[in-house]
Number of protein chains: 2
Amino acid sequence: MSKNRKQELLEIAYKMFITKGYDNTSVDEIIKEADIAKGTFYYYFDSKDEVLDLVINDMIDKEIIVASKYIEMQIPIEQKLIGIITSLRPSIDEKNIAIALNDDTNIKMHRKYNDKLIDSGTKLLKEIILEGINKGIFNCNNIEERIKLLLIMSNELFDNNNYSEKDIEVFVDTTEKMLGASKGSMNFIANLIGGKYNG
Amino acid sequence: MSKNRKQELLEIAYKMFITKGYDNTSVDEIIKEADIAKGTFYYYFDSKDEVLDLVINDMIDKEIIVASKYIEMQIPIEQKLIGIITSLRPSIDEKNIAIALNDDTNIKMHRKYNDKLIDSGTKLLKEIILEGINKGIFNCNNIEERIKLLLIMSNELFDNNNYSEKDIEVFVDTTEKMLGASKGSMNFIANLIGGKYNG
DNA sequence: ATTAGAAAAACCGACTAACAGTCTGTATGA
DNA sequence: TCATACAGACTGTTAGTCGGTTTTTCTAAT
């Protein structure tokens, strides 16, 4: 029951953080929901903050698993790249996550999520971009730094649901240019992101 | 003494937020420092959060005033643009601000600062970029969206003191490309930012 | 012009409720 | 018997409240 209990607590915490927000979820509420005592909670975790970190790690890990599938797929490099970037953002059926992250009481959660995403996403994207450079589709140096910027833009632009068609247009244009891809080669992003987020 | 008192309280709060961090500064500590009672504090402000908002507004307003001076200066457009962007970030003698913003206990403050900065900075930069387009130095559409991306990158990249030469190189390259400036026309950024932040 | 007195603005500090985290245990299984 | 797993009363700190007091400002009658 030990590993199970910890995981069970994390799942309860996750659900409550998403539905109520991190700041608005007290440890007392979590243990009431889990029907355990305070001492038990602090037997498994050092702090509420540690729970947040673990919850976010789980969230990102799931996104990474989905995103990873694009690497082996038999599709154009550009589509792999964009597939990964969009997969790293909360998907349609995780719309409540996007809403939660963007809530004013979840600033801390949001920040930790984005930081971790950039960290994990960079490793994935590096493979793709190197492949693209080898095939002559991309042309750029300082790959990791460019990926970081790419993920920063994606994070800040697309995780509030307040972006416009023009935002996507500029993001596509900038992505093409900063990777040295040919103009228009990533135009399909617009459909993907538009469909994924606004649909 | 009424307007003065409010301003005095904001200045005390500002100093304490910067030196101790927002989360680590309690209202009790602020009123002790100001030598007033709790009721007085809440006579002037609705919440601790409102104080944070007001403090940040003041901070950004000061940065905007400095940045605005570049508009009238007789220097190349590229230098105006970069001058403004770098002015919007905490300057050398405000290094403690940068440190505070990046502290783990100041996530909320940091986020509000960046959001407000993008809001205020966009208006300033728009003038410059239009001027650049008119003079044939820049060449791009969707100006406001590009500015937003530019400020997002600048914010996320440069306000922790953890960026490298390569980060600057990529930022310069991306900025040139996304505004349609000629290659190398903004190379001087490296010195500016490097000197400003790492010196 | 002076002043009583009413009204509004500025201020006080004890109080509450909610919270994260602690501590001293007890039960249970190897 | 020893470590793992759990319990729940307790503490200290916090943001925010509330009923009351002082100080200032305005009004009006002398």
Side-chain angles (χ1 to χ4, degrees), chain A residues 1-58 100 103-113, chain B residues 1-58 100 103-113:
Chain A
M1 285 264 190
S2 78
K3 271 277 146 52
N4 282 1
R5 165 129 306 179
K6 186 168 185 178
Q7 204 54 39
E8 178 200 351
L9 287 175
L10 285 175
E11 275 160 28
I12 288 172
Y14 164 78
K15 279 176 192 163
M16 296 183 84
F17 289 169
I18 294 299
T19 53
K20 301 186 40 149
Y22 175 75
D23 292 351
N24 295 330
T25 304
S26 68
V27 174
D28 284 310
E29 286 172 308
I30 295 174
I31 65 173
K32 191 183 169 193
E33 187 75 22
D35 201 34
I36 59 167
K38 205 67 164 282
T40 309
F41 181 91
Y42 283 97
Y43 172 74
Y44 286 105
F45 310 107
D46 285 342
S47 66
K48 190 187 167 193
D49 241 65
E50 193 201 329
V51 175
L52 178 60
D53 282 331
L54 293 173
V55 161
I56 286 176
N57 281 354
D58 282 352
D103 191 275
D104 211 44
T105 66
N106 271 348
I107 291 177
K108 194 171 193 174
M109 191 175 178
H110 194 175
R111 175 60 175 265
K112 291 197 173 191
Y113 187 91
Chain B
M1 286 267 188
S2 77
K3 271 276 145 53
N4 281 1
R5 166 129 302 182
K6 186 168 185 177
Q7 204 53 39
E8 178 199 351
L9 288 175
L10 284 175
E11 274 160 28
I12 289 171
Y14 164 77
K15 280 177 193 164
M16 296 183 83
F17 290 170
I18 293 299
T19 53
K20 303 185 38 148
Y22 175 74
D23 292 351
N24 295 329
T25 304
S26 68
V27 174
D28 283 313
E29 287 173 305
I30 295 174
I31 65 172
K32 191 183 170 191
E33 186 75 23
D35 201 34
I36 60 167
K38 204 70 165 282
T40 310
F41 181 91
Y42 283 97
Y43 172 75
Y44 287 104
F45 310 106
D46 285 341
S47 66
K48 191 188 166 192
D49 240 64
E50 193 200 329
V51 175
L52 177 60
D53 281 332
L54 293 173
V55 161
I56 286 175
N57 281 354
D58 281 353
D103 191 274
D104 210 45
T105 67
N106 270 349
I107 291 177
K108 195 172 192 173
M109 191 175 179
H110 193 176
R111 174 61 175 266
K112 290 197 173 191
Y113 187 91

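Letters go in sequence order (proteins before strands), and every chain restarts at 1.
For the pair A/Lys108 (side chain) and A/Asp23 (backbone), a donor-acceptor distance under 3.5 Å is absent.
Contact check of residues 46-58 of chain B against DNA chain D (heavy atom, cut-off under 4.0 Å) returns B/Ser47, B/Lys48. In the region residues 18-34 of chain B, proximity to DNA chain C at under 4.0 angstrom, judged on heavy atoms, holds for none of the residues.
Rounded to a whole Å, the CG atom of A/Asn4 is 18 Å from the P atom of D/dT4. Atom pair A/Phe41:CZ and C/dC19:P shows a separation of 13 Å (rounding to whole Å applied). Taking atom CG on B/Leu9 and atom P on C/dA10, their separation rounds to 13 Å, with Å as the unit.
Here the straight-line distance linking atom CD of A/Glu11 with atom CG of A/Asn4 works out to 9.5 Å at 0.5 Å rounding. Within the model, atoms NE2 of A/His110 and OG1 of A/Thr105 stand 12.5 Å from one another, a figure rounded to the nearest 0.5 Å. Within the model, atoms CZ of A/Phe45 and CG of A/Asp53 stand 11.5 Å from one another, a figure rounded to the nearest 0.5 Å. The CZ atom of B/Phe41 sits 10.0 Å away from atom CG of B/Asp46, with the distance rounded to the nearest 0.5 Å.
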Below 3.5 Å, can you tabulate the donor-acceptor pairs from side chains in residues 28-40 of chain A to any protein atom, sequence neighbours excluded?
unit_1, atom_1, unit_2, atom_2, d
A/Asp28, OD1, A/Lys38, NZ, 3.4
A/Glu29, OE1, A/Lys20, NZ, 3.4
A/Glu29, OE1, A/Ser26, N, 2.9
A/Glu29, OE1, A/Ser26, OG, 3.2
A/Glu29, OE2, A/Lys20, NZ, 2.6

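Side-chain N/O atoms of B/Tyr44 include one lying less than 4.0 angstrom from OP1 or OP2 on C/dC11. Taking only side-chain nitrogens and oxygens, A/Tyr43 comes nearer than 4.0 Å to OP1 or OP2 of D/dA5.
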Quiz item: Tell me, for nucleotides 24-30 of chain C in 5' to 3' order, what letter each nucleotide earns: B for a base near a protein heavy atom under 4.0 Å, S for only sugar-phosphate near one, - for neither?
Solution: -------
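Geometrically, B/Lys48 engages B/Tyr22 in a cation-pi contact defined by less than 6.0 Å to the ring centre and at most 45° from the axis.
A/Asn57 meets the side chain to side chain donor-acceptor pair (under 3.5 Å) test with no other residue; sequence neighbours excluded.
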Identify the pairs formed between an N or O of the protein and an N or O of nucleotides 7-11 of chain D at a distance under 3.5 Å, and give each distance.
unit_1, atom_1, unit_2, atom_2, d
D/dA7, OP2, A/Ala37, N, 3.1
D/dA7, OP2, A/Thr40, OG1, 2.8
D/dG8, N7, A/Gly39, N, 3.3
D/dG8, O6, A/Gly39, N, 3.1

